[in-house]
Amino acid sequence: MREVDPRRRVPRTDALLADPALAAAAGTLGRDRVKAAIVAAQHRARRGEITPERVRDAALAALPGRTPRPVLNATGVVLHTNLGRAPLAPAAVDALVAAAGHTDVELDLATGRRARRGREALDALAVAVPDAAAVHVVNNGAAALVLAATALAAGREIVVSRGELVEIGDGFRLPDLLASTGARLREVGTTNRTTRADYAAAIGPDTGFVLKVHPSNFVVTGFTSAVPVGELATLGVPVVVDIGSGLLAPDPLLPDEPDAASTLRAGAHLVTASGDKLLGGPQAGLLLGDADLVERLRRHPLARALRVDKLTLAALAATLHAPATPTGDALRADPGRLRERTERLRDLLGADGCKAEVVPAAAVVGGGGAPGVELDSWALSLPERYAVPLRTGEPAILGRVLHGRLLLDLRAVPESADGHVRAAILRVAG
Ligand SMILES: *Cc1c(COP(=O)(O)O)cnc(C)c1O
């Protein structure tokens, strides 16, 4: 018996216009434009360029102004830099939307007077880290470092261990970033070992501060030694610590990851961190520490150029108030529950004639955090040919290709999206 001519399976225009994603697009782009994209995709299917099941995704992909495209992160990398690191908590999303219009970002409505910009976020940060006498927020972690280096060490020296001059990704190297501020780097120690005496010998009248950088994306093992913050704090110069990840307090799940509170308690004068890594908030750079140092940063002309916008401030405040973040939930997801979700997905797919397997997997924190930490996880394993259509579909689903299989780890996928994952896989299966 011959198969039904695939061209006869091309979905009808009215059925496609009723699809939620296409209907939503019609609401923002206009029905005519969406209809034209549907008709073009139907033609492609009739010409045999795409399968009938792909018409919907092809029509969506052809629509203009649909970037950034939302992506379901099934990579098993919780903080995926190329996917924008931390997804925001629902409360932070609401706060972003609320802040889109006119807001009281720099006004005290009670008195009618000008007020400190972003005070809600700054207050929430101060409450979250009582060990910080003062806090400030800039655009990102790199900006926090640049501001500290410019305001505290331009034309002077930053003393830093050779083993901590890291590249943070996409070719950005911390030493270059710091040197661009006009500060001179005074490297001490060796790649694997640096002692207190190395720092002490380098400190002099030209020292702006001692910098300690968390080597966030690699580990050095073997014959190593580094100087704890507490010992650096006895050197008699300001100690600035770039902890990277934005962990505000110790997390038992990540015992080796430095946090702001412990670092300040150990004697650091200033801590810099990112807002969109383990903190789970918007892209931002956090500065926490001594009141006089933070005030010097706040008053520096460069601070204005690194100022965060009202949307970020709103999202950051909401993140700090929220009881949980999607990042925290993904990190803490129970492997047993992940296995159940993945097996259920496999069973439902099987009932529709699509064969998949469930395999153990190892997820990672990512975003330059907690190197070497593996989180027990599970993955749905599909033939590799699923990778491209899922990645370019709607919603876009990004997995990991390993040994000829596409692995989908649901750890960082909201459970509410499981139905979308299933539907997308079935569309590719045809
Ligand atoms: C991520 C990171 C940075 C850069 O922070 P951004 O927010 O990406 O600018 C700097 N230092 C360390 C140690 C980091 O992990």
Side-chain angles (χ1 to χ4, degrees), residues 77-88 121 125 135-150 153 158 160-181 183 185 194 209-220 226 229 232 239-248 251 254 256-260 262-263 268 270-289 297 302-303 305-309 311-313 315-316 319-320 325 327 331 364-373:
V77 180
V78 174
L79 291 166
H80 198 298
T81 298
N82 302 148
L83 298 182
R85 292 191 184 150
L88 295 180
L125 188 57
V135 298
H136 184 56
V137 177
V138 290
N139 255 321
N140 57 19
L145 269 176
V146 164
L147 183 57
T150 309
I158 297 173
V160 59
S161 163
R162 207 158 256 145
E164 295 173 3
L165 292 170
V166 300
E167 176 172 317
I168 52 183
D170 198 22
F172 282 98
R173 297 181 162 174
L174 226 58
D176 299 343
L177 190 76
L178 294 169
S180 76
T181 67
L185 288 187
T194 304
F209 57 84
V210 165
L211 175 67
K212 189 170 177 66
V213 180
H214 176 48
S216 52
N217 48 13
F218 68 100
V219 273
V220 183
V229 172
L232 294 178
V239 177
V240 178
V241 183
D242 174 14
I243 61 167
S245 79
L247 204 59
L248 298 183
D251 186 338
L254 307 168
D256 296 328
E257 198 63 16
D259 65 279
S262 310
T263 306
L270 191 68
V271 165
T272 69
S274 295
D276 57 353
K277 294 182 181 171
L278 289 173
L279 182 64
Q283 179 189 299
L286 316 181
L287 289 144
L288 310 100
L297 305 186
L302 187 60
L306 305 177
R307 185 175 95 161
V308 273
D309 84 324
L311 302 177
T312 302
L313 288 166
L316 181 61
T319 302
L320 289 163
T325 64
T327 300
L331 287 176
V364 295
V365 174
V373 173

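Quantities reported herein were computed from a predicted structural model and do not represent experimental measurements. When a ligand or atom number is given, it counts from 1 through the structure's own listing order.
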S.K.: If the condition is salt bridge (charged side-chain N to carboxylate O under 4.0 Å, His left out), which residues does Asp242 pass it with, not counting sequence neighbours?
M.R.: none

S.K.: Shortest non-hydrogen contact from Ala121 to Leu320?
M.R.: O-CD1, 3.7 Å

S.K.: Measuring from atom CG of Asp276 to atom OG1 of Thr319, what distance do you get when rounded to the nearest 0.5 angstrom?
M.R.: 10.0 Å

S.K.: Give the protein residues with at least one non-hydrogen atom closer than 4.0 Å to an atom of ligand 1, ordered by chain and number.
M.R.: Arg85, Asn140, Gly141, Ala142, Ile168, His214, Ser216, Asp242, Gly244, Ser274, Lys277, Gly368

S.K.: With rounding to the nearest 0.5 angstrom, report the CG to CG distance, Asp259 to Leu254.
M.R.: 10.5 Å

S.K.: Among Val240, Thr263, Leu288, find the one that has a side-chain contact (heavy atoms from CB on, under 4.5 Å) with Leu270.
M.R.: Val240

S.K.: Knowing that exactly one of Thr272, Leu287, Leu286, Val308 qualifies, which makes a side-chain contact (heavy atoms from CB on, under 4.5 Å) with His136?
M.R.: Leu287

